[in-house]
Amino acid sequence: MSNGFDDIPFFDEEEPAPRKPAEGRAPASAPAAGGLGIAARAMAARDQARPAPDYLAGLNPEQREAVETLDGPVLVLAGAGTGKTRVLTTRIAHILATGRAFPSQILAVTFTNKAAREMKERIGLLVGGAVEGMPWLGTFHSIGVKILRRHAEMVGLRSDFTILDTDDVIRLIKQIIQAEGIDDKRWPAKQFAQMIDGWKNKGLDPSQIPEGDARAFANGKGRELYAAYQNRLKTLNACDFGDLLLHPIRMFRANPDILKDYNDRFRYILVDEYQDTNTAQYMWLRLLAQRSPPSSPQRGPKPYPEEARSAVSKDEVWPDRAGSFEASLRSAPQDEAPKVNICCVGDDDQSIYGWRGAEVDNILRFEKDFPGAKVIKLERNYRSTEHILGAAGHLIAHNEGRLGKTLFTDRVDPDNEKVVVHAAWDSEEEARAVGEEIERLQRGDADDKKHALNDMAILVRASFQMREFEDRFVTLGLNYRVVGGPRFYERLEIRDAMAYFRLVCQPADDLAFERIVNTPKRGLGDTTIRTLHDYARARDVPMLAAAVDLIETDEVKPKARKALFDVIQHFRRWSELLETTPHTELAEQILEESGYTDMWKNDKSAEAPGRLENLKELIRSMEAFESLRGFLEHVSLVMDTEQNADMDAVSIMTLHSAKGLEFETVFLPGWEEGLFPHQRALDEGGRSGLEEERRLAYVGITRAKRRCHIWFVSNRRIHGLWQSTMPSRFLDELPVTHVEVAESEQSYGGYGRGGYGQSRFDKADPFANTYSTPGWKRAQANKSDATRDNWGTRSGHAVERIGYGESGPKAKTIEGELVAKSTTTEPSKFTVGDRVFHIKFGNGNIASIEGNKLTINFDRAGEKRVLDGFVERV
DNA sequence: TCAGCTAGGCTTTTT
DNA sequence: GCCTAGCTGA
């Protein structure tokens, strides 16, 4: 496995930075012989002045340029499926192979842990063990923590600070709101948490937030509350996610010498998904990308002027755009001008996180920010067929604010299928039809090829859409996997257990203390907690410390005092064991001795065994870590868990979580006005909201390699009410040449009209074969009297309602049909409590019955809803 | 202290 | 329509 890279000396954290290795020479001695790794051969090849190292072979000219342009800023605009990750990883390999930097001198940032993991793996394939020497490859947040742990004291924290997740943050804010005597009903903590998040995404301290924002919450108390929150975090020795970026930014600004260390260290910076960066991330990157000329150290980055810090707009908050950074570039003599070797990769057409603070502007403005930047477009697509690219390209061309790329492929696909648009009566039929299509592909009826379920995905706009598919697949016995969704670490029992661990490691963690002090029940009710809380707040000490004090007094009742005493004793002992006992053992011990596992063992509810199982899983997953602390850090930053990829299953996920993935066949249900584009995106985002929705549609289509099926329904139940819906305007934006409408090869007139009015999909005609039912026609009639303005939002009544809760002849008949479709009115042949067998889930007991739908607690599979036809009594 | 009820919310989501 | 948080009465 020796390939030359394994020998690269790592840049040790504690050692001074090594000099830049001599130009063109690898930092390691080239392997004498037998180095069969790609990189080793590449280096050998280079030494013999052969044209190009192997790892560069197979790149197209643009990709190759993106890999080889190592000096100066580079922006790679990489369209969907154009080999973006390949460019990033090969570029890193190239930097290492040419000896430009040590692995530890490369900063490579991604957004998600998944992306970081993938990058690491792929670099590993190219370069072998050297990837292990890349401590600065990770997410913005994980690198942020790493920096912050080293310099925590500079921002008033200790290096063992806790990272709070969203849930903790909300509880904390709630306490603060209540402490200020503000009505937490009228001013929900959740909302304020989102506001703070928004400010932090923009890089704003309490002093910097716009006056309007500050006034908007709690009768003008927004600013005070934000400041109070930050204070509280400091006392708790804690950080929220935003702080992981903001604290380093603050610290760098206040300490140019520390910043300079990092500037000198990072010879190459690579950023993935640049279109998703928010302002704070942008500031962070710009700071790290600064270069001070080595010859004149006094010209290094200057501390930020005070007035700039209180400014609000990005330009002002970011003084070095016009200040030291660019000035230093310009002022240095040309030949010794320090180049910023930053390479950002992204796709403006795939920017779909504007709603959480991402600034597409960052990518659109790259050339201005980094003068002399080289912009490379990757437009050759290796993923999809011509029809899919054609459809996606035509759709996205409706957006105005874009840099403009057109994807192409020159591969000829023998079964080049058009994108297919299907109509269904309602969401249930949609799920049924998608299920049928999946089974058809699986069996091989469609093209004599049996398709794996792993190659298929259903991508929805909103997660409530998933349910219908799950229900359907359960009854079909079709394997599926929900990607995203509720996560392991968010489960109640896991959070409780984690709270115990956190408190052992960090006794100042009041949120953890409050969470578990009375779990399991110890008779420490509200009164005791309040006393503790007041005492702690008054003296500014952690609650655990307050408890230690208070058990000496008679402020708490004898019973509670005893209970508290026991809790304190436990934690004292566990803390002592922290250094001596293996962490998995200790963790188990904590859960046992605290009575937490017993609590679930004694719990007779259906989910208790599952929870115990999860706790075991938690302990098992700790084995991979060195210490309890290491594990806690991992959990707070890496909230995802690996799904078992062994099973052949259809993936169901949101369009957002599908970004970066690809599937042979993609199903895109729910293309209806109001759902997709989502009404709220239109209401709150206006034109840019619509464009973001369109990019989302573009992301969806471009996930498909060969087959893309789009669906829309005429009736959908939203918030429990049946609503008649109109086909999405995006359907009209698909080009006729690349799209066909299911069940109807012949014309569907009305295409090519200007403006936005009646959709070509409004006509019953194209679906005459299947949809000539009275119900379908009535739905068409219903739709036609809704009018829309230019935005497609309806004027007058927001949505026409049919069915439940409404009266009128139209509604009634339609309701009748829907009811007839979904459930039989005949009484079920089963009764609650019956023991039944299901071919896929095995044995279970019927928990409840609604019409022909049974809710069954399966012994193995847990609770599922199935149709009665699929089970039999045992 | 807990079951049981009611009111409110309900797009996307990483870290 | 359905889930969850929070309140209330036993």
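Computation of the quantities below employed the complete heavy-atom set of this structure, encompassing side-chain atoms and omitting hydrogens, waters and symmetry-equivalent molecules. Reminder, nothing fancy here: chain letters follow the sequence lines and each chain counts from 1. Only a predicted model underlies this, so the values are computations on that prediction, with no experimental measurement involved.
- Distance CG (D197(A)) to P (dT15(B)): 14 Å, rounded to an integer number of Å.
- For the pair L655(A) and R522(A), nearest-nucleotide mapping onto DNA chain B gives the more 5' position to R522(A).
- Put simply, CE on M653(A) is 11 Å from P on dT13(B), counting in whole angstrom units.
- Comparing atom distances between the R717(A) side chain and each of dG1(C), dC7(C), dT15(B) picks out dG1(C) as nearest.
- Note on R432(A) versus E429(A): no salt bridge recorded, every NZ/NE/NH1/NH2 to OD/OE distance being 4.0 Å or above.
- Exactly one residue among R502(A), R232(A), R515(A), K174(A) makes a salt bridge (charged side-chain N to carboxylate O under 4.0 Å, His left out) with D168(A). That residue is R502(A).
- The distance from atom CG of L524(A) to atom C1' of dC2(B) is 17 Å, rounded to the nearest whole Å.
- For dG6(C), one of the phosphate oxygens OP1 or OP2 lies less than 4.0 angstrom from a side-chain nitrogen or oxygen of K174(A).
- Taking atom CD1 on I529(A) and atom C1' on dT1(B), their separation rounds to 14 Å, with Å as the unit.
- Rounded to an integer number of Å, the gap from K146(A) NZ to dT15(B) C1' is 17 Å.
- Between W355(A) and H656(A), the distance from one ring center to the other falls under 6.0 angstrom.
- A straight line from CG of D165(A) to P of dT15(B) spans 13 Å, rounded to a whole angstrom.
- Dashed line: the shortest gap from a side-chain N or O of N113(A) to OP1 or OP2 of dT14(B) is not under 4.0 Å.
- Counting only distance, with no hydrogens or angles, the side chain of E430(A) and the backbone of G670(A) share a donor-acceptor pair below 3.5 Å.
- Rounded to an integer number of Å, the gap from M599(A) CE to dT1(B) C1' is 14 Å.
- Between the side chain of E633(A) and the backbone N or O of G630(A), no donor-acceptor pair lies under 3.5 Å.
- Counting heavy atoms from C-beta on, the side chains of I147(A) and F252(A) come closer than 4.5 Å.
- A distance of 6.0 Å or more separates the ring centres of W284(A) and Y282(A).
- For dC2(B), the OP1/OP2 oxygens have a side-chain nitrogen or oxygen of K521(A) closer than 4.0 Å.
- Applying the 4.0 Å criterion to OP1 and OP2 of dC3(C), one finds that R467(A) has a side-chain N or O inside that range.
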Contacts under 3.5 Å, N or O only, protein and nucleotides 9-12 of chain B:
unit_1	atom_1	unit_2	atom_2	d
dT11(B)	OP1	R680(A)	NH1	2.1
dT11(B)	O4'	H678(A)	NE2	3.1
dT12(B)	OP1	S463(A)	N	2.5
dT12(B)	OP1	S463(A)	OG	2.3
dT12(B)	O4'	R461(A)	NH2	3.2
dT12(B)	O2	W355(A)	NE1	3.3
dT12(B)	O2	R461(A)	NH2	2.6

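- Put simply, CZ on R495(A) is 15 Å from P on dT4(C), counting in whole angstrom units.
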